[in-house]
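Index from 1, following the sequence.
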Amino acid sequence: MSGRLILVTGGSGSGKSAWAEKTLLAEAAGAKGRAVYLATMTDGGDEAAARIARHRAMRRRHGAAAGLDFVTAERQTDIGGAAAGPGDFVLLEDLGNLLANEIWSPGGAGPEGAEERIFSGIRALLDRVALLVTVSNDVFADGMEYDPETMAYIRSLGGLHRRLALLAEQTVEVVCGIPVVSSGASSGSLGRAPCSTQYLYRRGSHPH
């Protein structure tokens with residue numbers, strides 16, 4: 001792997017997306033590279049459409065402030081095949097949506113193959129991009145028991161967090177807008193309580 005990886009986690013409304021966007025744009029602008037946004041959320045109704053619109057508006061604001069616009073690529077499955085190349089600075093948002101798509105969408109790898117497909121896809125991206133910032137939700141802190149399908153999803157997401165933290169040069173947990181930075185190999189938190197109600201990804205309702 002030649003590219004750098006930063007893993008950013010946090011609860012819904014924690015400010016993780018804003019932190020990730022500003023960080024990625026600053027890195028890309030400093031290196032005069034291309035900023036690529038890999039969007040994983042599917043437009044599944046009014047709530048999803050509103051969330052996507054908010055994120056697009058935020059990207060425009062942050063891009064204008066940095067003097068560098070994001071190139072947005074929709075990629076709901078098979079992240080390793082995304083349109084990103086040498087020297088690109090890539091923001092993947094987010095890991096939970098990508099996992100849900102791989103498990104439940106027709107083009108996905110299914111429950112047995114989703115985690116491995118995502119992990120190998122991220123490694124493939126790191127073989128060709130300069131920096132990959134991966135954003136993921138903290139869905140581990142509410143202490144509730146869910147149906148077996150949802151619990152399997154949560155375990156897979158936790159597995160991806162652990163594996164990616166070992167690859168990352170940094171893991172960053174954003175809590176109420178404040179980044180808590182750890183080195184990748186030594187990071188072990190990835191699970192503090194968020195500032196607002198957490199979402200659990202379910203079929204047809206994936207937070208972004």
Using a 3.5 Å distance criterion without hydrogens, assess whether the side chain of [X] forms a donor-acceptor pair with backbone atoms of [Y].
| X | Y | answer |
| --- | --- | --- |
| D94 | G96 | yes |
| E102 | A109 | yes |
| R34 | G87 | no |
| K16 | G11 | yes |

Margin query: My understanding is that only one of V135, T23, T9, V181 makes a side chain to side chain contact (heavy atoms under 4.5 Å, CB included) with V172; could you say which?
Written below: V181

Quick check on the hydrophobic clustering: are [X] and [Y] connected, directly or via other members, by side-chain heavy-atom contacts under 4.5 Å?
| X | Y | value |
| --- | --- | --- |
| F89 | V71 | no |
| V133 | I178 | no |
| M151 | L160 | yes |

Would you name the heavy atoms of [X] and [Y] that are closest together and state the gap between them?
| X | Y | answer |
| --- | --- | --- |
| L157 | S136 | CD1-OG, 3.6 Å |
| V90 | A84 | CG2-CB, 3.8 Å |
| Y153 | A100 | CE1-N, 3.8 Å |
| A28 | L68 | CB-CD2, 3.6 Å |
| N137 | S12 | OD1-N, 4.4 Å |
| G107 | T77 | O-OG1, 3.8 Å |

Check: Does some side-chain heavy atom of I122 sit less than 4.5 Å from a side-chain heavy atom of L95?
Finding: yes

Item checked: Sub-4.5 Å side-chain heavy-atom contact between L24 and H62 -> no

Next item on the list: Could you walk me through whether E149 and I103 pass side-chain contact (heavy atoms from CB on, under 4.5 Å), step by step?
Entry: CA-CA 10 Å; E149 188 177 49; I103 291 172; 5.8 Å; no

Within this structure, what is the [atom1]-[atom2] distance for the pair [X] and [Y], rounded to the nearest 0.5 Å?
| X | Y | atom1 | atom2 | answer |
| --- | --- | --- | --- | --- |
| R75 | L98 | CZ | CG | 10.0 Å |
| D78 | I118 | CG | CD1 | 10.5 Å |
| L131 | L126 | CG | CG | 9.0 Å |
| K22 | L91 | NZ | CG | 13.5 Å |
| E173 | L7 | CD | CG | 10.0 Å |

Check: What residue pairs, at least two apart or across chains, pass ring-ring contact (aromatic ring centres under 6.0 Å, His included) with a residue in residues 67-88?
Finding: Y37-F70

Item checked: Donor on one side chain, acceptor on other, Q76 and S105, under 3.5 Å -> no

Item checked: For R163, side-chain hydrogen bond (donor to acceptor under 3.5 Å, both in side chains) partners two or more places apart -> E115, E116

Item checked: Partner set under side-chain hydrogen bond (donor to acceptor under 3.5 Å, both in side chains) for R4, not counting sequence neighbours -> E27, E169

